[in-house]
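For reference, the structure is listed below as structure tokens.
A, B, ... follow the sequence lines: proteins, then strands. Residue 1 opens every chain.
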There are 2 protein chains.
Amino acid sequence: METSGAGAEELVAGLRSEHLRVTAARRAICAVLAEAHQEHLTAVAIHERAVARAGISIDPSTVYRTIEVLQRLGLLHHVHLGLGPGIVHLADDADHHHLVCERCGRTEDLPPGDVRAALAELAERYRFAPDSLHVSVIGVCAACAAAR
Amino acid sequence: METSGAGAEELVAGLRSEHLRVTAARRAICAVLAEAHQEHLTAVAIHERAVARAGISIDPSTVYRTIEVLQRLGLLHHVHLGLGPGIVHLADDADHHHLVCERCGRTEDLPPGDVRAALAELAERYRFAPDSLHVSVIGVCAACAAAR
DNA sequence: GTCAATGCAAACTTTTTGCAACTCC
DNA sequence: GGAGTTGCAAAAAGTTTGCATTGAC
């Protein structure tokens, strides 16, 4: 049922390739990320699922540290959409965009495609009023890319 | 030197039109917002400037409450770009987009225009690598619009 | 055995809330 | 005068950090 996108194995392999250690906590976190790769998981959600799944206790700080490591390896992204906690998803997710409600925080995925056309049709197609087209593109700036 | 966009008077008028009260704190906050309408101000920055400007003491919670009111009136937007504190800007800012660095949080404005073309050229023009085109469009969803 | 990773606890930042006092209309 | 606002204090939510211990390789 879990299909496209990186599997947990690829995330683990990423860790190994950097001579980082593969612990039970990291394995559980990678599994959760791999299964949920189209979802918008918060660190708290990852924590809950990882604990439930692995049947071991994992500290929240471990989740944050693992997210940080995986982000540094370029395997996932950690961004904030609208208000509320930051969310995480795998780097190799299909490109997609989000509609984020400023009021309730609800998010909806936009299929990839012609961004401009999608924006032009937003109001009608999704009955979503983009009060101002405030679009954030998350990536890595030149300075940070150079500092690697 | 401050030109386009809503002036403080328009924000104040917005409050009045809803029979909300215009207090010294709100006047100061509106003035700060009007002056800085192209900047990405955090609530803390607004607080500091408003206090400095008005020479009165304003509680941070008042700033948050005022931001909330102005957002409810549709006069400004409050979003989170990347990590860190949320930022605020006036609703009638010229449409613009942001490049947000996932690592350092630095943001750069993209001029309005053809979003699609801009995305395609990002890497070269801004030496910015959009690892995944993670675009968030902030607006109001149908459910919230109906619930007004 | 070594060094990375973890757990725990504490701190921190940003934001929200309860409530009595205040003040704008 | 009365409803909307404020300040203050406390709490909540999300995240980060220090440090001794544990565990992967």
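- Both B/V22 and B/P60 lie near DNA chain C, and the one whose nearest nucleotide falls closer to the 5' end is B/P60.
- In terms of phosphate contacts, B/T23 brings a side-chain nitrogen or oxygen within less than 4.0 Å of OP1 or OP2 of D/dT6.
- The phosphate of C/dC24 (OP1 or OP2) has no side-chain N or O of B/R16 nearer than 4.0 angstrom.
- Residue contacts shown for B/T42 are absent, as no nucleic acid heavy atom lies under 4.0 Å away.
- Across the protein-nucleic acid pair, A/E68 atom CD and C/dA5 atom P stand 11 Å apart, rounded to whole Å.
- Comparing the end axes of the helix from C/dG1-D/dC25 to C/dC25-D/dG1, each fitted to five base pairs by superposing C1' atoms of four pairs onto the next four, gives an inter-axis angle of 40° (nearest 10 degrees).
- In this structure, of D/dG4, C/dT15, C/dC3, it is D/dG4 that holds the atom nearest to the side chain of B/R21.
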Could you list the donor-acceptor pairs under 3.5 angstrom formed between side-chain atoms of residues 59-66 of chain B and any protein atom two or more places apart in sequence or on another chain?
unit_1, atom_1, unit_2, atom_2, d
B/D59, OD2, B/S61, N, 3.0
B/D59, OD2, B/S61, OG, 2.6
B/S61, OG, B/R65, NH2, 3.1
B/T66, OG1, B/T62, O, 2.8

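- For B/D59 and C/dC22, the CG to P distance is 16 Å, given to the nearest whole Å.
- Checked for salt-bridge contact, B/R53 and B/E35 meet the test: a charged N lies under 4.0 Å from a carboxylate O.
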Give the table of side-chain donor-acceptor pairs shorter than 3.5 Å for residues 15-26 of chain A, with sequence neighbours excluded, one pair per line with atom names and distance.
unit_1, atom_1, unit_2, atom_2, d
A/S17, OG, A/G14, O, 2.8
A/T23, OG1, A/R26, N, 3.2
A/R26, NH1, A/R21, O, 3.0

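- Atom CD1 in A/I67 sits about 16 Å away from atom C1' in D/dT17, given to the nearest Å.
- Distance check, rounded to the nearest 0.5 Å: CG of B/L70 to CG of B/L76 gives 5.0 Å.
- Put simply, OG1 on A/T42 and CD1 on A/I67 are 8.5 Å apart, with the number rounded to the nearest 0.5 Å.
- A/L20 places its CG atom 15 Å from the C1' atom of D/dG23, with the value rounded to the nearest Å.
- Residue B/L15 contributes atom CG, which lies 15 Å from atom C1' of D/dT6 at whole-angstrom precision.
- Close to D/dT6, at under 4.0 Å from its OP1 or OP2, lies no side-chain N or O of B/R65.
- Checking D/dT17, D/dT5, C/dT15 against the side-chain heavy atoms of A/S61 singles out D/dT17 as nearest.
- When atom types are taken as modelled, the side chain of B/H47 and the backbone of B/I58 share a donor-acceptor pair closer than 3.5 angstrom.
- With rounding to whole Å, B/L70 atom CG is found 15 Å from D/dG4 atom C1'.
- Between A/I56 atom CD1 and D/dG23 atom P there is a gap of 11 Å when expressed in whole angstrom units.
- A sub-4.0 Å separation between OP1 or OP2 of D/dT16 and a side-chain N or O of A/Y64 is absent.
- Atom CD of B/Q71 and atom P of C/dT15 are 12 Å apart (whole Å).
- In this structure, CD in A/Q71 is found 10.0 Å from CG in A/L73, a value given to the nearest 0.5 Å.
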